[in-house]
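Before any comments, here is the structure.
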Amino acid sequence: MSQTPLLLARGVEKRYGDVPVLERLDFRVDAGEFVTLVGASGCGKTTLLKMLLGTERPSRGELLLEGAPLPDEPGVDRGVVFQRYSVFPHLTALDNLVLAEEFALAPLTARLFGAARRQARERAAANLAEVGLGQAMARYPYQLSGGMQQRLALAQALTMRPRLLLLDEPFGALDPGIRLEMHALITRLWRERSLTIFMVTHDLREAFTLGTRVWVFDRLRHDPQVPDAFGATITYDLPVAARTKATPDIPSPLIKESHA
Amino acid sequence: MKRLVNLKPRPATRWLLGALPFALLALLYLGLSSQRLADNPSDRLLPSPATMAESFLRLASEPSARTGARLLWSDTFASLERLFAGVAISAVLALVIGLACGALPLVRAKLSPLVTVVSLIPPMAILPILFIAFGTDELAKVALIVIGVTPFLIRDLQGHALRVPAEQWVKAQTLGASSWQLILRLLLPQLMPRLISSVRLALGSAWLFLIAAEAIAAQEGLGYRIFLVRRYLAMDVILPYVAWITLLAFLIDQALAWISRRGFPWFHAEEKDA
């Protein structure tokens with residue numbers, strides 16, 4: 001792996017005004033890794049995710065995506081699923097998925113007609129069926145359960161084939177049983193599509209079950225007089241032995257064997 | 001015995017309870033009216049229902065001696081035309097400005113203070129200016145409605161535009177949306193049902209401005225007629241006209257509610273205010 005890493009951080013620091021949130025971030029992430037981010041609340045996990053997303057910029061240092069600086073606004077190379085509000089309430093499940101194609105193909109109207117529309121809907125229907133929403137295509141998000149909404153959000157985030165998939169506590173609001181189903185789904189999608197995933201979670205078990213690497217965020221330096229004097233950083237970068245990377249070069253049966 | 005807050009009327013009871021105040025008011029009016037008419041048969045202040053129905057039918061069916069028009073219908077047509085023109089212009093203006101302010105921080109920074117200040121001007125206070133500037137024709141009346149209603153609609157829509165969750169903005173951008181596409185496919189459809197419900201609220205003020213403007217200077221219109229016959233204490237015309245205006249307002253409101261429910265089912269499911 002001597003080629004350019006998918007994502008590289010060099011001396012990244014983020015401060016809001018005088019308050020440092022994150023400091024001394026240096027990491028390298030290759031394609032196919034599944035990084036889970038854990039740590040106490042306010043330790044900058046979500047801030048890092050926002051910097052990857054482009055809604056926040058680093059105060060110092062640089063973040064490189066395939067060797068080029070990360071754009072400072074969201075784009076199609078980074079997909080995202082939030083805990084809530086990740087799908088569009090005014091569109092049916094199918095239209096939620098067709099939307100990305102409409103953005104790409106119809107700059108002015110953002111709507112497709114005729115054959116283009118039919119083809120886009122067929123592709124979207126196939127993608128919905130893949131995440132188990134084949135029966136729910138005509139429903140609006142309010143008619144879907146929490147788990148189904150997150151399935152839809154995942155399918156939607158993958159429509160543009162993003163280089164990075166960013167998940168901000170995507171299963172945090174779901175019941176335990178549903179959460180297990182979602183774990184199976186995200187694992188399958190990650191392997192089948194050789195995704196590179198960053199996932200923020202509060203659930204340590206989830207972090208170790210899903211990730212190939214678990215990043216633990218904490219403050220290394222602490223000033224008892226001024227609790228906010230230092231920011232958090234990645235204190236542990238733990239490889240998870242049981243998980244193998246989703247590498248496009250290895251045929252998928254092999255991955256299944258090595259995982260079993 | 002259950003707590004009072006847990007006692008819910010059955011559907012039939014609810015209808016009855018809703019109709020009761022109307023029945024009481026009607027009874028009260030009938031009592032007072034018949035009492036006054038018994039004292040003085042030519043009393044004009046509280047006419048009997050029969051007299052009112054007669055006057056109303058006369059206005060609806062007989063051509064006026066002066067203009068040859070059936071007054072009720074020409075008045076209704078003139079007023080609704082002004083009302084719809086004013087409200088439609090306001091709604092379009094508010095939608096365009098609300099979209100721009102809601103989506104584009106650069107526009108918001110420029111326009112918001114202006115909208116806030118304009119919305120504080122009492123519209124009736126500038127009615128004379130409108131009559132001077134636009135004459136006493138249709139334009140001044142429509143302009144009054146527009147000036148009176150638009151700032152409220154803009155502020156309402158802008159508020160709702162800013163409440164579209166940031167997550168949705170980000171998500172749409174990760175799907176490749178341009179600024180224009182964000183406005184078109186994310187903001188506009190989510191603001192449309194909001195616009196309808198704001199317009200429903202604003203219609204009350206729109207009627208107020210319409211009738212006020214008609215009362216001061218007009219040749220026809222519902223408000224004009226009411227203020228015209230006031231000189232002859234013609235309560236037999238005024239009361240049916242008020243009821244007619246109320247009916248029109250109710251029908252317009254219900255039509256908008258129906259359009260909103262049909263067009264935006266997801267909105268009413270989320271709001272739980274079907």
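A quick note: this is a predicted structure, and the numbers were derived from the prediction, not measured. Quick note on labels: first sequence line is chain A, next is B, and so on, each numbered from 1.
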Is it the backbone or the side chain of [X] that comes under 4.5 Å from a heavy atom of chain B, or both, or neither?
{"X": "T109(A)", "result": "backbone"}
{"X": "E102(A)", "result": "both"}
{"X": "A153(A)", "result": "both"}
{"X": "Q143(A)", "result": "neither"}
{"X": "Y142(A)", "result": "side chain"}

query: So which heavy atom on P107(A) is nearest to which on W180(B), and how close?
result: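 That would be O-CD1, 3.7 Å.
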- request: Can you see which heavy atom on R84(A) is nearest to which on E167(B), and at what distance?
  value: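 Heavy atoms of R84(A) and E167(B) come nearest at O-CG, 3.8 Å.
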[X], [atom1]: over 12 other non-hydrogen atoms inside 6.0 angstrom:
{"X": "F152(B)", "atom1": "CZ", "result": "yes"}
{"X": "R188(A)", "atom1": "CZ", "result": "yes"}
{"X": "R57(A)", "atom1": "CZ", "result": "no"}
{"X": "E73(A)", "atom1": "CD", "result": "no"}
{"X": "F27(A)", "atom1": "CZ", "result": "yes"}
{"X": "R179(A)", "atom1": "CZ", "result": "yes"}
{"X": "Q135(A)", "atom1": "CD", "result": "no"}

field: Portion of A172(B) that has a non-hydrogen atom of chain A nearer than 4.5 angstrom
entry: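 Both the backbone and the side chain of A172(B) come within 4.5 Å of chain A.
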query: What part of P265(B) is in contact with chain A, defined as an atom under 4.5 angstrom from a non-hydrogen atom: side chain, backbone, both or neither?
result: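 Looking at P265(B), backbone and side chain both touch chain A.
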Would you mind reporting whether [Y] and [X] have side-chain heavy atoms less than 4.5 Å apart?
{"X": "W169(B)", "Y": "P74(A)", "result": "no"}
{"X": "T174(B)", "Y": "M160(A)", "result": "no"}
{"X": "M192(B)", "Y": "H90(A)", "result": "no"}
{"X": "R111(A)", "Y": "R185(B)", "result": "yes"}
{"X": "F88(A)", "Y": "Q168(B)", "result": "yes"}

task: Kindly compute the distance separating CG (L108(A)) from CG (L184(B)), expressed to the nearest 0.5 Å.
output: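 So the CG of L108(A) and the CG of L184(B) are separated by 8.5 Å.
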field: W266(B) CH2 to L91(A) CG distance, which is reported to the nearest 0.5 Å
entry: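 W266(B) atom CH2 to L91(A) atom CG measures 8.5 Å (nearest 0.5 Å).
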message: So does V80(A) get a backbone contact from the side chain of K171(B), meaning a donor-acceptor N/O pair under 3.5 Å?
response: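 Checked: pair present.
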task: Kindly say whether F103(A) contributes a backbone atom to a donor-acceptor pair with the side chain of Q181(B) at under 3.5 angstrom?
output: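 Flag set: sc Q181(B) to bb F103(A) pair under 3.5 Å.
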field: Greatest number of heavy atom pairs closer than 4.5 Å to chain B - which of A157(A), P141(A), G54(A)
entry: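 Between A157(A), P141(A), G54(A), the count favours A157(A).
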